[in-house]
Amino acid sequence: MTSYQELGLTPIINASGAVTRLGGAPMPTEVLEAFCDGATSWVPLEQLQAAAGRRIAELTGTESGLVTAGSAAALTLGTAAILCGYNLRRIEQLPHCDDFPCEFIIAREQRSGYDHAVRAAGARFVEVGFNEIVSNAGVRRTEAWEYEAAFTDQTAGVFYGYGRDTEPPLAEVIQRAHKHNLPVLVDAAGELPPKRNLKEIATLGADLVAFSGGKAIRGPQSTGILCGRSDLVSSAAIQMLDMDDHLQLWDPPPELVDKDKLDGLPRHGIGRPLKVSKEEILALMTALELFASGGYDRDWDEQHARLKSIATRLADRAVTCEIDGTAEAERSPMLSITIDETAVGRTAFEVCQSLRNGSPPVYVSHGRLAQGTLVVNPLCISDEQALELARRVGEELDG
Ligand SMILES: *Cc1c(COP(=O)(O)O)cnc(C)c1O
């Protein structure tokens, strides 16, 4: 068996949580067992996707679901579905949309690096609203009427990046879009937990919702979920699945693909590079069941204790330690270590860098370095690693 060490790599202490850059979330034993089990037998992928999709639909309160190669892949597939439906010519043409509507309306303040996944299918963004608060030039955020004012005959749909405090409210955007029969694609990749978001976002009327499988769900980090309207999920499925079959023989479950609506068998679509394996699908479904049934809720106390052990060990240093969060919030507690940069003689940025370069390498969350704060996310560290982390931070503070 090849190990990281054999490849010349030193495993790190990941105190940043389920970030993709460092390898995603820890998979529970049941999830790993499902992966190994799935590898020992073979099933037609469209049947497996249909079965997984039925369960995803139940858990999300939607018509249909699909396991994708991450949430970003779900966005590319969802966009492709909105652009093409069952139109075989369009499916073949993507990402070129020269003679059909391909514009997605997006709030300027919701642009992010992840929206590349929407553009990858061929869509073009039309931005609405401004970033006036950030640019210190006004007090208002994007408003729902601005979406409607931007709709033209070139509009294909609306893209919305969901968050706890995104504006305008999703329900208002959906109402404006549906008035013009335009679908709304929602990126909710990181919006689990809370568990209720599995259903709540779709309940607002979103046509398609994308979730990550490798974050809080703790499935393989290369998995995700696309769920929503069955005609759109169906189009996404045929643009992702391997299509090397004969039309007469191809027999997808009707709830995944309504074969009667297809004039022929499309060839591999734009989503073919985004394939998901049978093992990954089984592992994700196992993780999803655990997540949805509250299987991870009891981890909070352990995580809190782990952070406390770090804070206790740093008590006599020139830092202020604070543990945030409650079990009810369903999110991991977080430890902030705010450095007295003058007393220590080093900035949080420098300490963060030395921690990465040390032995073992320690990667803390780096979102608040400018405020002098290192953040420790306990999701991916063991009790021993917590002590090792405290020792390393202590060494860095001592210079
Ligand atoms: C993580 C994330 C994604 C990408 O999800 P993957 O499952 O890694 O593909 C997209 N959008 C947002 C907002 C995210 O946080």
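Atoms within a ligand are numbered from 1 in the order they appear, just like the ligands themselves.
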Looking at atom 9 (O) of ligand 1, what's its closest protein heavy atom, distance included? Ala72 N, 2.9 Å
Is there a donor-acceptor pair closer than 3.5 Å between any side-chain N or O of Thr155 and the backbone N or O of Gly157? no
Please evaluate residues Thr373 and Gln371 with respect to the criterion side chain to side chain donor-acceptor pair (under 3.5 Å), reporting the C-alpha separation (whole Å), side-chain torsions for both, the decisive distance (0.1 Å), and the verdict. CA-CA 6 Å; Thr373 304; Gln371 290 81 47; 5.9 Å; no
Please determine whether a side-chain nitrogen of the Lys or Arg among Arg392 and Glu388 lies less than 4.0 Å from a carboxylate oxygen of the Asp or Glu. no
Indicate yes or no for a side-chain donor-acceptor contact from Glu143 to the backbone of Pro168 under 3.5 Å, with no hydrogens or angles considered. no
How far is atom 5 (O) of ligand 1 from its nearest protein heavy atom, and which residue and atom name does that atom have? Ser212 OG, 3.0 Å
Nearest-contact summary for atom 4 (C) of ligand 1 - protein heavy atom, Å: Tyr114 CE2, 3.5 Å
Could you say whether the N/O atoms of Thr223 and ligand 1 ever approach to under 3.5 Å? no
Is it true that Lys215 lies under 4.0 Å from ligand 1, counting heavy atoms only? yes
Heavy-atom distances under 4.0 Å decide this one: backbone, side chain, both or neither, for Ala189 against ligand 1? side chain
For atom 13 (C) of ligand 1, which of Asp187, Thr20, Leu274, Leu75 has the closest heavy atom? Asp187
Please determine if Glu92 and Arg89 form a salt bridge, counting it only when a charged side-chain N lies under 4.0 Å from a carboxylate O. no
Closest approach of Cys102 to Leu83 (non-hydrogen atoms, all atoms of both residues): CA-CD2, 3.6 Å
Which ligand 1 atoms, with their elements, are less than 4.0 angstrom from a heavy-atom of Gly70? 7 (O), 9 (O)
